[in-house]
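Encoded as structure tokens, the structure appears first; notes follow it.
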Amino acid sequence: MPKMKTKSSAKKRFKLTGSGKIKRKHAFKSHILTKKSKKRKLRLTHDGLVHKSDESNILQQLTLK
């Protein structure tokens with residue numbers, strides 16, 4: 001059987017932490033930034049973690065499951 005390929009889109013969007021959690025970037029930080037407050041843009045800058053219910057799906061896309 002051939003090797004499983006990872007989804008390129010998932011590979012670019014997610015990173016694994018040392019404890020096995022999945023890091024992600026926040027959305028809505030790429031354009032139309034003039035109407036967003038400085039505080040809002042700052043909060044969107046920081047990385048977030050993927051919700052527990054979505055982890056299995058992302059791990060499957062990264063073929064780590």
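- When all heavy atoms are compared, the tightest approach of Gln61 to Ala10 is OE1-CB, 3.4 Å.
- The salt bridge (Lys or Arg N to Asp or Glu O under 4.0 Å) pairs that include a residue from residues 1-15 number zero, where partners must be two or more places apart or lie in different chains.
- Lys25 has a carboxylate O that lies under 4.0 Å from a charged side-chain N of Asp47, or vice versa, which qualifies the two as a salt bridge.
- Separating the CG atom in Asp54 from the CD1 atom in Ile22 is a distance of 9.0 Å, to the nearest 0.5 Å.
- Nearest heavy atom pair, residue Leu44 against residue Phe28, reads CD1-O, 3.4 Å.
- For residues 28-46, no pair satisfies salt bridge (Lys or Arg N to Asp or Glu O under 4.0 Å), with sequence neighbours left out.
- Heavy atoms from other residues, nucleotides or ligands lying under 6.0 Å from NE2 of His46 number more than 12.
- A pairwise comparison of heavy atoms in Arg24 and Leu49 identifies NE-O, 3.4 Å as the closest pair.
- Of all the heavy atoms in Leu62 and Thr6, the pair that sits closest is O-CG2, 3.3 Å.
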